[in-house]
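Have a look at the structure below, then the notes.
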Amino acid sequence: MEDACQDTARKPSLKKSELFLLEQNAVPENLPPPTDKYKLKYQQYESEMKEEYKHYSQRVAEKKAHKIQTSEPPGKTDEKKDLQLEGKTDDELTVLDEKALLQQCYASKPYTVQHSIRKLEAEDVAAERKKQTVVEQVMIDQLSRAVISDPEQNGKADAFENDSVLPGLNTAPLRFRKRTLHETKIKTRSALTENVLSNKLRFDGRLISRNGRDACRELIGFYFAYDKSLTVYEYRQFGKNRTNALPFIQKGIYSHQRGQKKGKQYCLSDFCVGADLTFLSLQHPSLPESIKQKPVFTIRVTNIDETARAFLKTSGMENEEHPIKQESDCRSIFRTVQGRLREKLSKRGVRVVTGLGKYFRELDRKHNGVLSKTDFKQALKMFHLEVPEEDFESLWSILDDNNNGNIDYTDFTRAILGEMNEYRKAFVRKAYMKLDYNKTGSVPMIDIKKCYCARKHPQILADSATEEEIKSAFLETLKDACSNPHEVSFSEFEDYYEGLSIGIMDDEDFVNTLRNPWGI
């Protein structure tokens with residue numbers, strides 16, 4: 001029995017020795033020396049391994065330091081936080097600034113090249129299909145209205161004498177007979193044809209509004225060169241399969257309602273990306289009540305058919321007006337003020353932009369969106385935004401075009417701080433529309449927490465932070481921007497990314513701060 005146990009005890013040692021001999025014999029004796037190419041590769045591999053080990057040891061040390069800091073008594077950490085928040089308007093970075101800057105780290109591409117190309121192609125096809133749907137609806141509406149509504153249709157009754165009608169309707173007045181575009185028998189003298197309507201400029205637009213439901217409306221407009229008229233349609237989607245294009249602004253000839261061109265008719269030169277089209281609410285009684293609260297509403301041009309614009313410009317169908325010199329002077333004043341503040345806001349843009357918006361909303365007790373000169377001066381002083389008195393008066397004279405002593409605080413904020421370009425704003429709206437799928441204009445904070453994904457954050461990929469830490473940092477800075485900590489309005493969401501945009505120079509880097517966490 002003992003001999004059997006000894007035999008079983010020897011077996012593993014024999015196997016290990018056999019394996020060792022096999023490994024020794026697996027290496028040939030007369031190997032040629034390594035070439036310079038493989039020596040270089042080994043040196044590179046060795047240096048990379050040393051560098052990686054160095055980073056790993058640094059990350060371990062940082063984690064230990066973080067654990068030591070978090071193990072402090074709760075009273076001390078609360079005191080530190082209060083002291084840091086007290087200096088919220090100083091030039092030094094606060095805790096909220098540092099947490100907001102974590103969102104700027106999303107600079108890496110979120111997908112592979114093939115995935116990005118496929119996604120962009122699918123989005124382009126969907127957008128083109130949407131625009132084609134609106135174009136067809138506009139052509140049908142305008143041609144039908146031009147022919148069926150023509151007064152000559154109710155003219156001579158003898159044109160219908162040979163028409164086949166139902167029994168008993170021979171004596172019915174012509175206006176009661178059913179009449180569609182393709183059943184019309186009378187030739188009218190109207191010169192409006194499909195060929196004439198084809199000489200048009202198509203553009204995309206958005207409403208400038210703090211109401212999230214209005215700001216996210218999908219607007220597609222058309223400017224017709226033959227009579228210098230324009231119309232705007234809204235693309236609506238009902239469920240998954242049903243879509244419709246509804247008139248938002250009826251076709252007509254309109255003119256500027258604000259700015260240096262006030263009273264002048266719209267022409268081809270007024271349509272470019274970033275241009276503002278202003279309209280009177282009284283002229284459009286079918287608009288939603290939220291838009292009719294103000295006498296003037298603004299549509300911002302976000303995209304334009306450059307091919308059609310170039311054709312209309314070269315064909316000589318319209319003589320373009322030269323821009324007014326005063327407009328270029330206004331833009332230079334805005335750029336001067338924004339340039340002075342940009343460097344100061346590069347690190348604390350989120351805190352300042354969201355803080356200004358929150359402060360202005362608290363002052364706006366009438367909820368009409370306008371404030372006085374005193375309120376704006378006090379806000380600049382509170383947030384340490386130094387604007388020379390001369391520049392401030394120049395800004396005020398430009399923005400207060402009605403001379404009533406009050407201006408919209410959204411316009412004022414954008415004038416002194418600047419704003420994102422329309423390419424960036426399109427992605428901000430896209431992210432918010434994904435969150436606000438019911439189109440109510442506000443998103444519960446719990447939905448924000450569910451939808452926000454931090455897996456692709458560089459610090460998580462480098463194993464220097466957890467997903468929960470990055471997510472809580474984002475939610476804390478977003479809550480600080482909101483008047484109600486339990487929900488996020490569109491204006492608050494836009495202000496957050498407006499402030500984040502100031503410190504990001506490249507458009508694609510900024511877009512990745514939205515693509516990575518929101519999956520758009």
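Since we're looking at a predicted model, the values are computed, not measured.
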request  = Flag the pair D495 and R414 as a salt bridge only when some basic side-chain nitrogen lies within less than 4.0 angstrom of an acidic carboxylate oxygen.
outcome  = yes

Spacing of F427 atom CZ and L514 atom CG [to the nearest 0.5 Å] = 8.5 Å

task = Output all residues satisfying ring pair (Phe, Tyr, Trp, His ring centres under 6.0 Å) with Y254, sequence neighbours left out; order by chain, then residue number.
result = F279, H284

message = Using a strict threshold of under 4.0 Å (side-chain N to carboxylate O), is an ion pair present between R429 and E422?
response = no

ask   = With a cut-off of under 6.0 Å to the ring centre and 45° to the axis, is R210 in cation-pi contact with Y409?
value = yes

task = Verify the distance criterion only: is there a donor paired with an acceptor across the side chains of D97 and T94 at less than 3.5 Å?
result = yes

Distance-minimising heavy-atom pair for Y452 and P517 = CE1-CB, 3.4 Å

task = Kindly compute the distance separating CD (Q257) from CG (D276), expressed to the nearest 0.5 Å.
result = 13.5 Å

query = Should the pair R258-D411 be classified as a salt bridge under the 4.0 Å nitrogen-to-oxygen rule?
reply = yes

query = For the atom pair OH (Y233) and CG (L246), what is the distance rounded to the nearest 0.5 Å?
reply = 9.0 Å

remark   = Applied to residues 378-391, the salt bridge (charged side-chain N to carboxylate O under 4.0 Å, His left out) test, sequence neighbours excluded, yields R340-D391, K377-E389

message = Any salt bridge linking D270 with K264? Criterion: basic side-chain nitrogen under 4.0 Å from a carboxylate oxygen.
response = no

request  = Give a yes-or-no answer on whether the side chains of S229 and K251 include a donor-acceptor pair shorter than 3.5 Å.
outcome  = yes

ask   = Would you find more than 12 non-hydrogen atoms of other residues, nucleotides or ligands less than 6.0 Å from K449 atom NZ?
value = no

ask   = Around atom NZ of K347, are there more than 12 heavy atoms of other residues, nucleotides or ligands at under 6.0 Å?
value = no

query = Under the ring pair (Phe, Tyr, Trp, His ring centres under 6.0 Å) test, which residues partner F334, sequence neighbours left out?
reply = none

task = Over 60° means perpendicular and under 30° means parallel, so classify the ring planes of F383 and Y359, tilted if in between.
result = perpendicular

query = When you measure from the side chain of T231 to the backbone N and O of I249, does any donor-acceptor pair fall under 3.5 Å?
reply = yes

Over 12 non-hydrogen atoms of neighbours within 6.0 angstrom of CZ in R213 = no

inquiry  = One pair to check against salt bridge (charged side-chain N to carboxylate O under 4.0 Å, His left out): K200 and D305. What are the steps and the verdict?
reply    = CA-CA 10 Å; K200 62 184 180 300; D305 186 355; over 6 Å; no

key: Residues K358 and E492 bridged, charged N to O under 4.0 Å   = no

request  = Give the C-alpha distance, both sets of side-chain angles, the deciding distance and a yes or no for side-chain contact (heavy atoms from CB on, under 4.5 Å) between M139 and L197.
outcome  = CA-CA 7 Å; M139 298 296 282; L197 286 175; 3.9 Å; yes

message = Could you walk me through whether R217 and D214 satisfy the salt bridge (charged side-chain N to carboxylate O under 4.0 Å, His left out) test, starting with their C-alpha distance in whole Å, then the side-chain angles of each, then the deciding distance to 0.1 Å, before giving a yes or no?
response = CA-CA 5 Å; R217 293 180 185 271; D214 294 332; 3.0 Å; yes

query = Looking at K131 and E218, does any basic side-chain N land under 4.0 Å from a carboxylate oxygen?
reply = no

inquiry  = To the nearest 0.5 Å, what is the distance between CD1 on I416 and CG on L345?
reply    = 8.5 Å

remark   = Rounding to 0.5 Å, atoms CZ (F271) and CZ (F222) come to a distance of 12.0 Å

message = Between D364 (side chain only) and G369 (backbone N and O only), is there a donor and an acceptor less than 3.5 Å apart?
response = yes

message = Nearest 0.5 Å, please: how far is NE2 in H367 from CD in Q293?
response = 11.0 Å

task = Using distance alone, with no hydrogens and no angle criterion, decide if S501 and R424 have a side-chain donor and acceptor under 3.5 Å apart.
result = yes

Electrostatic pair K479-E476, nearest N-O below 4.0 angstrom = no

ask   = Taking all atoms of both residues into account, what is the closest heavy-atom pair of L500 and A100, and its distance?
value = CD1-O, 3.5 Å

key: Nearest atoms (heavy-atom pairs only) where G499 meets V353   = CA-CG2, 3.8 Å

Ring-ring centroid check F474 Y496, cutoff 6.0 Å = yes

